[in-house]
Amino acid sequence: MTLMNAMRRLNRTSAVICLLLACAPRAYAQDIEHGEALVASAPESKLAGVYQHGQGGSQVSAKGLAAYHQAASQGDVEAQYTLARIYEDQDRVSFDYSKAHSWYRLAATNGHLGAQSRLGLLFEFGKGVAQSRVQAHMWYSIAVLNGNKAAAFWRDSLAEDLEPYEILTAQILAQECLSSRYRNCGE
(Lines give C-alpha, C1' and ligand atoms only; values in the text may rest on other atoms or scores of the structure.)
Protein backbone atom coordinates (compact mmCIF):
# COMPACT_ATOMS: atom_id res chain seq x y z
CA MET A 1 0.00 0.00 0.00
CA THR A 2 1.41 3.38 -0.94
CA LEU A 3 1.74 6.18 1.55
CA MET A 4 -1.02 8.14 -0.21
CA ASN A 5 -3.44 5.21 -0.02
CA ALA A 6 -2.59 4.70 3.64
CA MET A 7 -3.28 8.37 4.35
CA ARG A 8 -6.63 8.22 2.51
CA ARG A 9 -7.63 5.11 4.45
CA LEU A 10 -6.64 6.77 7.74
CA ASN A 11 -8.56 9.94 6.82
CA ARG A 12 -11.64 7.88 5.91
CA THR A 13 -11.38 5.79 9.06
CA SER A 14 -11.11 8.94 11.18
CA ALA A 15 -14.10 10.51 9.42
CA VAL A 16 -16.19 7.36 9.86
CA ILE A 17 -15.31 7.10 13.54
CA CYS A 18 -16.18 10.76 13.94
CA LEU A 19 -19.49 10.22 12.14
CA LEU A 20 -20.35 7.14 14.18
CA LEU A 21 -19.64 9.12 17.34
CA ALA A 22 -22.04 11.83 16.11
CA CYS A 23 -19.48 14.61 15.87
CA ALA A 24 -20.44 15.21 12.19
CA PRO A 25 -17.44 16.04 10.04
CA ARG A 26 -17.79 19.08 7.79
CA ALA A 27 -18.36 16.95 4.69
CA TYR A 28 -21.40 15.41 6.35
CA ALA A 29 -22.98 18.71 7.38
CA GLN A 30 -24.71 18.95 4.00
CA ASP A 31 -27.05 16.11 5.02
CA ILE A 32 -28.36 18.31 7.81
CA GLU A 33 -28.87 21.21 5.42
CA HIS A 34 -30.89 18.97 3.10
CA GLY A 35 -32.91 17.71 6.06
CA GLU A 36 -33.76 21.24 7.15
CA ALA A 37 -34.89 22.07 3.63
CA LEU A 38 -37.40 19.22 3.80
CA VAL A 39 -38.92 20.14 7.18
CA ALA A 40 -42.66 19.64 6.96
CA SER A 41 -45.09 21.92 8.71
CA ALA A 42 -46.97 19.05 10.36
CA PRO A 43 -48.06 20.15 13.85
CA GLU A 44 -47.15 16.74 15.31
CA SER A 45 -43.55 17.17 14.20
CA LYS A 46 -43.34 20.63 15.74
CA LEU A 47 -44.93 19.36 18.94
CA ALA A 48 -42.39 16.54 19.09
CA GLY A 49 -39.61 19.11 18.76
CA VAL A 50 -41.04 21.05 21.71
CA TYR A 51 -41.08 17.88 23.79
CA GLN A 52 -37.54 17.05 22.69
CA HIS A 53 -35.94 20.42 23.36
CA GLY A 54 -38.10 21.52 26.24
CA GLN A 55 -37.33 18.61 28.53
CA GLY A 56 -33.78 17.67 29.35
CA GLY A 57 -32.00 18.96 26.25
CA SER A 58 -31.46 16.29 23.64
CA GLN A 59 -33.44 13.52 25.35
CA VAL A 60 -36.82 12.79 23.86
CA SER A 61 -39.69 12.28 26.26
CA ALA A 62 -42.25 9.53 25.75
CA LYS A 63 -44.70 12.19 24.53
CA GLY A 64 -42.12 13.56 22.10
CA LEU A 65 -41.34 10.11 20.74
CA ALA A 66 -45.06 9.40 20.34
CA ALA A 67 -45.54 12.72 18.54
CA TYR A 68 -42.65 11.93 16.16
CA HIS A 69 -44.18 8.51 15.50
CA GLN A 70 -47.55 10.06 14.75
CA ALA A 71 -46.07 12.65 12.39
CA ALA A 72 -43.84 10.06 10.70
CA SER A 73 -46.76 7.69 10.23
CA GLN A 74 -48.66 10.50 8.53
CA GLY A 75 -45.89 10.93 5.99
CA ASP A 76 -43.78 13.69 7.58
CA VAL A 77 -40.39 12.93 6.01
CA GLU A 78 -38.46 15.04 8.52
CA ALA A 79 -40.13 13.21 11.42
CA GLN A 80 -39.17 9.89 9.79
CA TYR A 81 -35.56 11.05 9.55
CA THR A 82 -35.58 12.39 13.11
CA LEU A 83 -36.94 9.10 14.45
CA ALA A 84 -34.17 7.25 12.66
CA ARG A 85 -31.57 9.57 14.22
CA ILE A 86 -33.15 9.02 17.66
CA TYR A 87 -32.99 5.24 17.27
CA GLU A 88 -29.42 5.42 15.95
CA ASP A 89 -28.16 7.51 18.90
CA GLN A 90 -26.34 5.12 21.23
CA ASP A 91 -26.72 7.53 24.16
CA ARG A 92 -30.51 7.24 24.16
CA VAL A 93 -32.68 4.69 25.88
CA SER A 94 -34.49 4.12 22.57
CA PHE A 95 -31.26 3.05 20.76
CA ASP A 96 -32.07 0.40 18.11
CA TYR A 97 -30.20 0.16 14.78
CA SER A 98 -32.91 -2.02 13.28
CA LYS A 99 -35.57 0.63 13.91
CA ALA A 100 -33.16 3.32 12.71
CA HIS A 101 -32.77 1.40 9.45
CA SER A 102 -36.54 1.09 9.01
CA TRP A 103 -37.14 4.82 9.51
CA TYR A 104 -34.13 5.85 7.37
CA ARG A 105 -35.42 3.57 4.62
CA LEU A 106 -38.87 5.16 4.72
CA ALA A 107 -37.42 8.70 4.74
CA ALA A 108 -34.95 7.78 1.98
CA THR A 109 -37.68 6.42 -0.26
CA ASN A 110 -39.57 9.65 0.37
CA GLY A 111 -36.59 11.62 -0.97
CA HIS A 112 -34.68 12.63 2.18
CA LEU A 113 -31.05 13.00 1.07
CA GLY A 114 -29.61 12.70 4.57
CA ALA A 115 -31.51 9.45 5.12
CA GLN A 116 -30.21 8.10 1.82
CA SER A 117 -26.59 8.63 2.83
CA ARG A 118 -27.19 7.36 6.39
CA LEU A 119 -28.63 4.16 4.91
CA GLY A 120 -25.38 3.81 3.02
CA LEU A 121 -23.49 4.08 6.29
CA LEU A 122 -25.68 1.46 8.02
CA PHE A 123 -25.15 -0.95 5.13
CA GLU A 124 -21.42 -0.26 4.92
CA PHE A 125 -20.89 -1.17 8.58
CA GLY A 126 -23.72 -3.67 9.04
CA LYS A 127 -25.59 -1.66 11.67
CA GLY A 128 -29.17 -2.94 11.95
CA VAL A 129 -28.86 -4.73 8.60
CA ALA A 130 -26.65 -7.36 7.02
CA GLN A 131 -23.44 -5.68 5.92
CA SER A 132 -23.48 -4.99 2.19
CA ARG A 133 -20.92 -2.72 0.61
CA VAL A 134 -22.84 -2.92 -2.68
CA GLN A 135 -26.04 -1.66 -0.99
CA ALA A 136 -23.98 1.02 0.77
CA HIS A 137 -22.53 2.21 -2.55
CA MET A 138 -26.01 2.12 -4.08
CA TRP A 139 -27.52 4.38 -1.37
CA TYR A 140 -24.57 6.77 -1.44
CA SER A 141 -24.96 6.95 -5.24
CA ILE A 142 -28.68 7.65 -4.96
CA ALA A 143 -27.98 10.47 -2.53
CA VAL A 144 -25.37 11.92 -4.90
CA LEU A 145 -27.66 11.60 -7.93
CA ASN A 146 -30.34 13.46 -5.96
CA GLY A 147 -27.97 16.31 -5.14
CA ASN A 148 -26.20 15.37 -1.90
CA LYS A 149 -22.61 16.30 -2.65
CA ALA A 150 -21.36 15.11 0.76
CA ALA A 151 -22.41 11.52 -0.02
CA ALA A 152 -19.90 11.54 -2.90
CA PHE A 153 -17.07 11.44 -0.34
CA TRP A 154 -18.49 8.29 1.29
CA ARG A 155 -19.26 6.63 -2.05
CA ASP A 156 -15.86 7.38 -3.55
CA SER A 157 -14.02 6.29 -0.41
CA LEU A 158 -15.92 3.03 -0.34
CA ALA A 159 -15.34 2.49 -4.07
CA GLU A 160 -11.59 2.35 -3.41
CA ASP A 161 -12.19 -0.94 -1.56
CA LEU A 162 -14.66 -2.46 -4.04
CA GLU A 163 -14.12 -4.65 -7.08
CA PRO A 164 -15.23 -3.16 -10.41
CA TYR A 165 -18.11 -5.64 -10.69
CA GLU A 166 -19.37 -4.54 -7.24
CA ILE A 167 -19.38 -0.89 -8.30
CA LEU A 168 -21.18 -1.75 -11.53
CA THR A 169 -23.77 -3.78 -9.61
CA ALA A 170 -24.32 -0.88 -7.20
CA GLN A 171 -24.73 1.56 -10.10
CA ILE A 172 -27.28 -0.70 -11.79
CA LEU A 173 -29.18 -1.13 -8.50
CA ALA A 174 -29.20 2.64 -7.96
CA GLN A 175 -30.66 3.23 -11.43
CA GLU A 176 -33.30 0.50 -10.88
CA CYS A 177 -34.21 2.02 -7.53
CA LEU A 178 -34.58 5.52 -8.96
CA SER A 179 -36.44 4.43 -12.09
CA SER A 180 -38.90 2.41 -9.99
CA ARG A 181 -39.49 5.46 -7.76
CA TYR A 182 -37.96 3.59 -4.81
CA ARG A 183 -40.15 0.48 -5.12
CA ASN A 184 -37.24 -1.75 -6.23
CA CYS A 185 -34.18 -0.82 -4.19
CA GLY A 186 -32.35 -4.11 -3.91
CA GLU A 187 -33.46 -5.22 -0.46
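All values reported here derive from a predicted model rather than from experimental measurement.
The aromatic rings of Phe123 and His101 lie perpendicular to each other, with more than 60° between the two planes, well past the 30° mark. Note: His69 and Tyr87 have perpendicular aromatic rings, judged against thresholds of 30 and 60 degrees for the angle between ring planes.
Counting only heavy atoms from C-beta outward, the side chains of Thr82 and Asp76 never approach each other to under 4.5 Å. Residues Gln175 and Leu145 are in side-chain contact: their nearest non-hydrogen atoms beyond the backbone lie under 4.5 Å apart. Residues Ser117 and Trp139 have side chains not in contact (no heavy-atom distance under 4.5 Å, counting atoms from C-beta outward).
Annotation: the span from Leu178 atom CG to Met138 atom CE amounts to 8.5 Å, rounded to 0.5 Å. In this structure, OG1 on Thr109 lies 11.0 Å from CZ on Arg183, to the nearest 0.5 angstrom. Within the model, atoms CD1 of Ile167 and CD of Glu160 stand 9.5 Å from one another, a figure rounded to the nearest 0.5 Å. A distance of 10.0 Å separates NZ of Lys99 from CG of Leu83, quoted to the nearest 0.5 Å. If you take CG on Asp96 and CG on Asp89, they are separated by 12.5 Å, rounding to the nearest 0.5 Å.
The residue from Leu119, Leu121, Asp156 that alone fulfils the side chain to side chain contact (heavy atoms under 4.5 Å, CB included) condition with Tyr140 is Leu121. In summary, of the residues considered (Arg105, Gln135, Glu176), a side chain to side chain contact (heavy atoms under 4.5 Å, CB included) with Cys185 occurs for Arg105 alone. Each of Gln80, Arg85, Gln116, His112 was evaluated against Tyr104; a single residue qualifies, Arg85, per the side chain to side chain contact (heavy atoms under 4.5 Å, CB included) test.
Annotation for Ala143 and Leu113: closest pair CB-O, 4.0 Å, computed over non-hydrogen atoms. A pairwise comparison of heavy atoms in Trp103 and Ser73 identifies CH2-OG, 4.3 Å as the closest pair. Across all non-hydrogen atoms, the minimal contact from Ala108 to Ala115 is N-CB, 3.6 Å. Residues Leu122 and Ala100 come closest through the heavy atom pair CD1-C, 4.4 Å.
No path of Ile, Leu, Val, Met, Phe, Trp and Tyr side chains, each step under 4.5 Å between heavy atoms, connects Val134 with Val144, placing them in separate hydrophobic clusters. Follow the hydrophobic side-chain contacts under 4.5 Å out from Val129 and you reach Tyr81 in the same cluster.
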Could you walk me through whether His137 and Glu166 pass the side-chain contact (heavy atoms from CB on, under 4.5 Å) test, one step at a time? CA-CA 9 Å; His137 191 285; Glu166 291 174 305; over 6 Å; no
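The backbone N or O of Asp161 lies less than 3.5 Å from a partner atom in the side chain of Arg133, making a donor-acceptor pair.
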